[in-house]
S.K.: 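Okay, handing you the structure first.
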Amino acid sequence: MSRQLTRSRELQNRAEKLLPGGVDSPVRAFRAVGGAPPFVERGNGAYLWDADGNRYIDYFGSWGPMILGHAFPPAVEAVQRVAAHSASFGASTAAEVELAELVVKAFPSIERVRFVSSGTEATMSAIRLARAFTGRKYVVKFEGCYHGHSDGLLVKAGSGVATFGIPGSAGVPEEIAGLTLALPFNSLLAVEAAFAEHRGQIACLIVEPVVGNAGCIPPEGGYLQALREIATREGAVLILDEVMTGFRVALGGAQELYGITPDLTTLGKIVGGGLPCAAFGGRVEIMKMLAPLGPVYQAGTLSGNPLAMAAGIATVGHLIEQRDEVYPALESLSAAVADGLAAEAAKAGVAMTTNRAGAMWTWFLTPGPVTDFATASSSDTAAFARFHGAMLDRGVWLPPSQFEAVFLGTAHTTDDIEQTIAAAKDAFAGVLAA
Ligand code: HOZ
């Protein structure tokens, strides 16, 4: 049961002498759950193998992109083919047009799109556009939502910021943080109060339509529709950050699932098939403010990178072609594992709340309900750490924080799910017994 991690430990020791915390992104250090982070050597389908040869069923999927599993053959083939003709040109290619056509097909609210290299760039640029379009300065975000690590968005943010209990970030001047109004998710009263207090000064609302970065928190009925109505009434731009939910909770993201038309959308993760790629887009009258058409500047040497476009076309193209098979399959597999594990928790007397939207969910170790960041924070994070370690020991790799979402892909099988539920049953008896 207990794994050999000799090689991973050696690598972590070497890494800590060179990379702050031994990582290039904080949550990977496993500080919230303890134990040695396995160093990954390879992935295939639903599995990861670490540097010591241990195999895991992967439930974080590179934090979302690997919806078709690791090393999805058409993406591998496309990237290899394109790489043979150079990895980057810094000039336009047909592939950018092709991926843009696929994005617009999946997201009808996106009339114009620009590709960038990370979700952070996408959200930062969308906010700049919203400010330019409205001539206003305040941004409304929601507690526990994470929109990347640009200065103005690191206010009551989720993901690693929530994992490490950091209220904001050092290095962000209060003059910048003060322009961001962080409100509780799922509370319309808070939104109305913010607009009443800052009438005519709020440029945009940016929201993860299903929160993924405080753990998974779906919107309450009518909440997103009301945000749409308030934004329209107040002349503010509604930005749906679909970096996690885009192509995941439905082909057309949460905006398709809940029937909302945003002004701007940000995408990442799946859109690049696991390569560094993200996008922002939306209404033409807003997007045409972007340079070279308009005065809002944004640029990037690796934007629209050919390798990322190739992986994105292979991935998004497959999702579009196979949507009638892919999304029902993701739904039934996700329901089977999310509910099956929750049923074992109930039998074992473990207090657990399962929040799920399609193929993303979180098993919160709290009686719940979890409707916002405050209620998510009532989770027993020490118990989660024990659960996480016990699952890893049994060959199941969950995201290493209570405040992240589990992601499932089309490569997972019913066998994987049965193994996962059996591992959880064992783990509950071992480390979470009531
Ligand atoms: N903040 C990311 C998840 N929400 C983690 C990304 C990573 O560590 O790769």
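Whatever order the structure lists them in is the order used to number ligands and atoms, beginning at 1. Numbering starts at 1 and runs along the sequence shown. Values reported hereafter were calculated over all heavy atoms of this structure, with side chains retained and with hydrogens, waters and symmetry mates removed.
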S.K.: If we ignore angles and hydrogens, is there a donor and acceptor under 3.5 Å between the side chains of Thr266 and Thr123?
M.R.: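 Judged by distance alone, the side chains do not pair up.
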S.K.: Taking everything shown except Tyr297 itself, do over 12 heavy atoms lie less than 6.0 Å from its OH?
M.R.: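 Not more than 12 within 6.0 Å, no.
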S.K.: Enumerate the atoms of ligand 1 whose separation from the nearest heavy atom of Arg28 is less than 4.0 angstrom.
M.R.: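 Those atoms are 7 (C), 8 (O), 9 (O).
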S.K.: Ignoring hydrogens and geometry, is there a side-chain-to-backbone donor-acceptor pair from Arg55 to Gly395 under 3.5 Å?
M.R.: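 No: the side chain of Arg55 does not pair with the backbone of Gly395.
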S.K.: Atoms of ligand 1 less than 4.0 Å from Glu404 heavy atoms?
M.R.: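 Those qualifying, in numeric order: 3 (C), 4 (N).
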S.K.: With heavy atoms under 4.0 Å as the rule, classify the contact between Asn213 and ligand 1 as side chain, backbone, both or neither.
M.R.: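 The answer is the side chain of Asn213.
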S.K.: So which pairs with a foot in residues 99-119 pass side chain to side chain donor-acceptor pair (under 3.5 Å), sequence neighbours left out?
M.R.: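 Sorted pair list: Ser109-Gln255, Arg114-Gln298.
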S.K.: Does any N or O atom in Tyr146 lie less than 3.5 angstrom from one in ligand 1, N or O only?
M.R.: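 Between Tyr146 and ligand 1, no N or O pair is found under 3.5 Å apart.
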